[in-house]
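So the structure is just underneath, and the comments pick up after that.
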Amino acid sequence: MNEREGYGFCPRCGALMRDGVCRSCGYSAGAGWQGQLSGGQTGAAYQGQFYGNQTGAGWHGPNAAAPAPKKKGHGKLVAVVCASVGILFLLVIVIFMIYSIRKIVGEVQSGSGPGYGYDADDGYFGYGNPYDDSLYPDYDDSDEYYEPSEKDDYYKEITDATSLELDYQVIWGTLSLKPDDSDDDCTYDCVYPVLTGEGGEEKFAAMNQVIEDFVCKYKDSYQEHVSGVASYGYVTLMDEEKISVVVRHSFYDKKTTIPRVEAISFWIETGEMISHEEMVQVDEELAWQFRSRNSHQNGMVEFVDELSDEELVEYLKDEEESVMFYSPVGLEIGFNYDGGWVTVTLKTSTL
């Protein structure tokens, strides 16, 4: 028996094979080994063929491991992530645009003429911007404080016009209230003028009491509003004959501030209140003047534009809603309505 029968050399690594199996690399010829070595020959005398494919530097025979399949899910994951980032970016842009538009609208509203107040959704209550050169090119804002003058075309902002050159002066009283419950944020703040001067406290006592009650009229009912009330009094005109006191009320309800303006005037010598009938005659001619001055002074006020002449006269005559007071510019007249107020300046009306 030939002892070398069944032995050969591995065509893959050249090591000794037995029964068609390489002892070194484990190669098995199987059906791919078609020949045998002749006696005394080495691997160079081998004749046969290899089954498999040769790619690059690696040879893959029948028993070689198959290459791993490509991961198709990886590309889909990248696409989903990119799409999500894109959607998030677009959402941020949309939110920013909405915020910018609301801000611009708010600035336009707050930049309206100062002759009227209004209820804004964001709780802002203002008289417009009296220092905007585009609205008032002839106004010098170097001191950043409005000083009304008889030379002004119209009254631009409710402000104090006090004097230290008269026989009487004005000092200021304050009143602040809050509920006993420390968790209740509802508050009440009031600032009101107090007259002093020659004649002592007795001369102005009755007048001062009327003014305090008039300005601080909501001190007993401020808790009816969610966040309370603020009432600030102004002396819009004081001379030797008369004084006008204007109060601006702000009612704080949730995110909304509801404005209201009221006014009262007195004869200094007698301490008597000046009636509206003494200030101006309210009729259809006045209504026509009011419309003309309103368009010039305040621009478009939708509520006024929708009123008929008869309805406008009724608002100006209403003792509860009408507003009339003096300023260095002239007589200011107007009225309160739901959510706001409006006034105009009559420069030709004097007592």
Practice task
Answer whether the closest heavy-atom distance between the side chains of Ser322 and His276 falls below 4.5 Å.
Solution key: yes
Handout entry: Any donor-acceptor pair under 3.5 Å from Thr345 side chain to Lys347 backbone
Key = no
Practice task
To the nearest 0.5 angstrom, please state how far the CG atom of Leu312 sits from the NZ atom of Lys317.
Solution key: 11.5 Å
Exercise for the section: Give the intermediate values and the outcome of salt bridge (charged side-chain N to carboxylate O under 4.0 Å, His left out) for residues Lys156 and Glu147. Expected result: CA-CA 9 Å; Lys156 300 175 181 178; Glu147 295 183 7; over 6 Å; no
Exercise for the section: Rounded to the nearest 0.5 Å, what's the gap from CG on Leu177 to CD on Gln223? Could you check? Expected result: 9.0 Å
Exercise for the section: Would you mind reporting whether Trp341 and Arg260 have side-chain heavy atoms less than 4.5 Å apart? Expected result: no
Practice task
State whether a side-chain donor-acceptor pair under 3.5 Å links Glu332 with Ser327.
Solution key: no
Problem - hydrophobic_cluster_shared for Trp288 and Val280, side chain cutoff 4.5 Å - result: no
Handout entry: Minimum side-chain heavy-atom gap Tyr252-Val226 below 4.5 Å
Key = no
Fill in the blank from the handout: CD of Gln281 to CG of Leu286, rounded to nearest 0.5 Å, is 8.5 Å
Problem - Side-chain heavy-atom pair Val235, Met238 within 4.5 angstrom cut-off - result: yes
Exercise for the section: Please assess Ile274 against Phe266 for the test side-chain contact (heavy atoms from CB on, under 4.5 Å), listing each intermediate value before the final yes or no. Expected result: CA-CA 5 Å; Ile274 303 175; Phe266 296 90; 5.7 Å; no
Exercise for the section: Without swapping roles, check the side chain of Asn294 against the backbone of Val344 for a donor-acceptor pair under 3.5 Å. Expected result: no
Practice task
Find out whether Tyr154 and Pro148 are in side-chain contact, i.e. whether some heavy atom of one side chain is under 4.5 Å from a heavy atom of the other.
Solution key: no
Practice task
Measure the shortest side-chain to side-chain distance between Ile333 and Val323 over non-hydrogen atoms and say whether it is less than 4.5 angstrom.
Solution key: no
Handout entry: Donor-acceptor contact present, side-chain Arg291 to main-chain Val304, <3.5 Å
Key = yes
Handout entry: Partner residues of Phe214 under the side-chain contact (heavy atoms from CB on, under 4.5 Å) criterion, sequence neighbours left out
Key = Val247, Glu262, Ile264
Practice task
Could you pull out the closest heavy-atom pair between Gly233 and Asp160, with the gap in Å?
Solution key: O-OD1, 4.3 Å
Fill in the blank from the handout: So OG of Ser231 and OH of Tyr188: to nearest 0.5 Å the spacing works out to 4.0 Å
Handout entry: Any donor-acceptor pair under 3.5 Å from Asp253 side chain to Thr256 backbone
Key = no
Problem - Heavy-atom side-chain proximity of Val342 to Phe335 below 4.5 angstrom - result: yes
Exercise for the section: Would you check if there is a donor-acceptor pair between the side chains of Tyr146 and Asp152 at a distance under 3.5 Å? Expected result: yes
Exercise for the section: For Glu310, look at atom CD and say whether over 12 heavy atoms of other residues, nucleotides or ligands are found less than 6.0 Å away. Expected result: yes
Practice task
Give the cluster check for Ile87 versus Ile95: same hydrophobic cluster or not, with ILVMFWY residues linked at side-chain heavy-atom distances below 4.5 Å.
Solution key: no
Exercise for the section: Flag the pair Met279 / Ser265 as yes when at least one side-chain heavy-atom distance between them is below 4.5 Å, and no otherwise. Expected result: yes
Practice task
Let me know which of Ile211, Asn208, Val170 forms a side chain to side chain contact (heavy atoms under 4.5 Å, CB included) with Val194.
Solution key: Asn208
Exercise for the section: Just jot down the ring-ring contact (aromatic ring centres under 6.0 Å, His included) partners of Phe251, sequence neighbours excluded, or say none. Expected result: Tyr218, His225
Handout entry: Closest approach of Cys186 to Pro179 (non-hydrogen atoms, all atoms of both residues)
Key = O-CD, 2.7 Å
Practice task
Look at atom CD of Glu240 and say whether more than 12 heavy atoms of other residues, nucleotides or ligands are closer to it than 6.0 Å.
Solution key: yes
Handout entry: Ring center gap for Phe303 and Tyr315 short of 6.0 angstrom
Key = yes
Practice task
Run the salt-bridge test on Lys178 and Asp185 with the 4.0 Å N-O cut-off and return the result as yes or no.
Solution key: no
Exercise for the section: Could you tell me whether the side chains of Ser275 and Glu278 share a donor-acceptor contact shorter than 3.5 Å? Expected result: yes
Problem - Donor-acceptor contact below 3.5 Å, side chain Tyr222 vs main chain Glu224 - result: no
Completion exercise
One should read off an interatomic distance between Leu195 CG and Lys203 NZ, to the nearest 0.5 angstrom, of 9.5 Å
Completion exercise
SG (Cys216) and NE2 (His249) are apart, to the nearest 0.5 Å, by 9.0 Å
